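Working notes, beginning with the structure itself.
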Amino acid sequence: MSSYTKTSPPVSPTGSPPLSPIPGNYGNGVTSRAHQSDARLTATAKRQKYFRRLLKFRQMDFEYAFWQMIYLFVSPQKVYRNFQYRKHTKDQWARDDPAFLVLLSFWLLVSSVGFAVVLKLSFLGFIKFILWVVFVDCIGVGICIATLFWFITNRYMITSPPRGQDVEWGYAFDVHLNAFFPLLMILHLFQLFFLTHFINQDHFLSRLFGNTLWLIAIGYYIYITFLGYSALPFLKNTRTLLFPMTGLLLVYVLSLALAWNFSHAQCKFYHFRVRTDGG
């Protein structure tokens, strides 16, 4: 337990108190089962509790969420060690505090404003753009990816015997949000400073720089996703989740050889999405 306290920020006084560890011996076992049933909420109850807190900003631990965002860049393993700590204290892997999602929404808004300026979108075009980024790029794609990994891990990667453990869908979606944040900051924020005057130019160095940013961003996504599932002690063969790295490197080399500029294609796609709807 000391390894967790060294890497964890102070617990917010407004946060919900952690549950006490469940002792292993309760005599006849009846008290133990009753205690576990009180501590372990159903998936539906967890979702309802999570969404009820979405507008209760005073109960959110933004300091802890910001700490997680920083460490997703510098040391993502520490973030998942705190997920393990939550499992020990609150008996669930998924976040019970929506502060991370709220901060992520803020960065989505900031980056969307930047993209709207760079792409010279109208106000209506900006509204359509941010709706696309939030509900398709982040949430829609995230639901698909989380559901895919939730199915694969529970179907093929659970250790035998499973002992009643499985991957929570909420945790799978949290893994997506964790992996999506560095990708967002690299491709939707940092890239903006170089997009118009350098990356979108028809030069090899422009493609090299822009496509390298894509390589780093997607590589981060794959690696953080791998860390998320390898942190679960009841999963096996999690290293297979790193296999897409090989395909990513191959596509990167081909893009340079065939003069594909991913960032330029991204800008054209966003313009297409806005303008086909009348923007």
Side-chain angles (χ1 to χ4, degrees), residues 7 43 50 65-87 92-101 103-105 107-108 111 133-159 165-191 211-252 262 266:
T7 60
Y50 183 88
F66 188 70
W67 176 90
Q68 287 184 318
M69 288 181 168
I70 293 175
Y71 273 87
L72 283 172
F73 277 102
V74 299
S75 183
Q77 298 93 334
K78 291 184 179 181
V79 176
Y80 287 113
R81 280 202 287 270
N82 278 273
F83 275 78
Q84 293 172 336
Y85 175 76
R86 182 184 300 107
K87 175 61 178 177
Q92 70 178 64
W93 289 97
R95 289 185 177 98
D96 61 344
D97 185 351
F100 187 92
L101 181 60
L103 284 183
L104 180 62
S105 301
W107 288 116
L108 278 169
S111 63
V133 169
V134 171
F135 292 103
V136 178
D137 287 355
C138 181
I139 297 178
V141 174
I143 288 174
C144 294
I145 293 177
T147 302
L148 176 64
F149 278 110
W150 171 78
F151 173 79
I152 291 175
T153 52
N154 282 318
R155 183 69 178 270
Y156 302 107
M157 301 177 71
I158 295 287
T159 55
Q165 298 184 100
D166 61 351
V167 178
E168 304 168 8
W169 189 91
Y171 179 79
F173 191 71
D174 277 340
V175 171
H176 162 71
L177 294 181
N178 290 342
F180 182 80
F181 175 71
L183 184 147
L184 171 73
M185 300 303 288
I186 294 171
L187 296 182
H188 275 231
L189 200 61
F190 177 77
Q191 179 182 229
N211 289 6
T212 300
L213 289 181
W214 280 81
L215 175 69
I216 295 172
I218 299 177
Y220 251 117
Y221 188 95
I222 295 172
Y223 178 64
I224 292 177
T225 299
F226 156 73
L227 289 178
Y229 292 101
S230 63
L232 301 179
F234 50 85
L235 293 185
K236 60 183 180 181
N237 301 325
T238 54
R239 289 187 180 273
T240 57
L241 300 178
L242 291 174
F243 287 173
M245 284 285 196
T246 304
L248 176 64
L249 289 172
L250 178 61
V251 172
Y252 173 72
F262 295 148
Q266 178 191 29

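Reckoned from all heavy atoms, side chains included, excluding hydrogens, waters and symmetry mates. Here the structure is a predicted model, which is why all the values come from computation and not from measurement.
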Q. Does some side-chain heavy atom of L248 sit less than 4.5 Å from a side-chain heavy atom of W214?
A. no
Q.
With a sphere of 6.0 Å drawn around CZ of F73, does it hold more than 12 non-hydrogen atoms of other residues, nucleotides or ligands?
A. yes
Q | Residues which pass side-chain hydrogen bond (donor to acceptor under 3.5 Å, both in side chains) with N211, listed by chain and number, not counting sequence neighbours | A | S255
Q. Atom CD in Q165, atom CG in N154: separation rounded to 0.5 Å?
A. 11.0 Å
Q: Evaluate the side-chain proximity of N82 to W67: yes if any heavy-atom separation is below 4.5 Å, no if none is.
A: yes
Q. Just how far is it from atom CG of L235 to atom OH of Y229, taken to the nearest 0.5 Å?
A. 9.0 Å
Q: Report the relative orientation of the aromatic rings in W169 and F173; use parallel for angles under 30°, tilted for 30 to 60°, perpendicular for over 60°.
A: parallel
Q: Would you give the length of the straight line joining atom CG of L177 to atom CD1 of I224, rounded to the nearest 0.5 angstrom?
A: 11.5 Å
**Q.** Side chain proximity check, Y220 to L183, heavy atoms < 4.5 angstrom
**A.** no
Q: Take Y223 and M245, measure what side-chain contact (heavy atoms from CB on, under 4.5 Å) needs, and give me the verdict at the end.
A: CA-CA 9 Å; Y223 178 64; M245 284 285 196; 4.1 Å; yes
Q. Within a strict 4.5 Å, meaning less than it, do heavy atoms of the F83 and N178 side chains meet?
A. yes
Q. Any donor and acceptor pair, going by atom type alone, linking the side chain of T147 with main-chain N or O of C144 inside 3.5 Å?
A. no
Q. When rounded to the nearest 0.5 angstrom, what distance separates CZ in R95 from CZ in F100?
A. 4.5 Å
Q. Testing W150, Y221, F180 for side chain to side chain contact (heavy atoms under 4.5 Å, CB included) with I145, which one passes?
A. Y221
Q. Looking at OH of Y171 and OG1 of T153, how far apart are the two atoms once the value is rounded to the nearest 0.5 Å?
A. 10.0 Å
(Q) Checking the side chain of E168 only, and the main-chain atoms of A94 only, is there a donor and an acceptor separated by less than 3.5 Å? (A) yes
Q | Non-neighbouring partners of F151 that pass side-chain contact (heavy atoms from CB on, under 4.5 Å), sequence neighbours left out | A | R155, Y156
Q: Give, for atom CG of L232 and atom OG1 of T159, the distance between the pair rounded to the nearest 0.5 Å.
A: 10.5 Å
Q) Which heavy atom in L241 sits nearest to a heavy atom in F149, and how many Å separate them? A) CD2-CE2, 3.5 Å
Q. Is a side-chain donor or acceptor of H176 paired with a backbone partner of I139 at a separation under 3.5 angstrom?
A. no
Q. So do the side chains of M157 and T240 get within less than 4.5 Å of each other, counting heavy atoms only?
A. yes
Q: Evaluate side-chain contact (heavy atoms from CB on, under 4.5 Å) for W93 paired with Q84, printing each intermediate quantity in order.
A: CA-CA 7 Å; W93 289 97; Q84 293 172 336; 3.6 Å; yes
Q: Report yes if some heavy atom in the side chain of M69 is under 4.5 Å from a heavy atom in the side chain of L104; otherwise report no.
A: yes
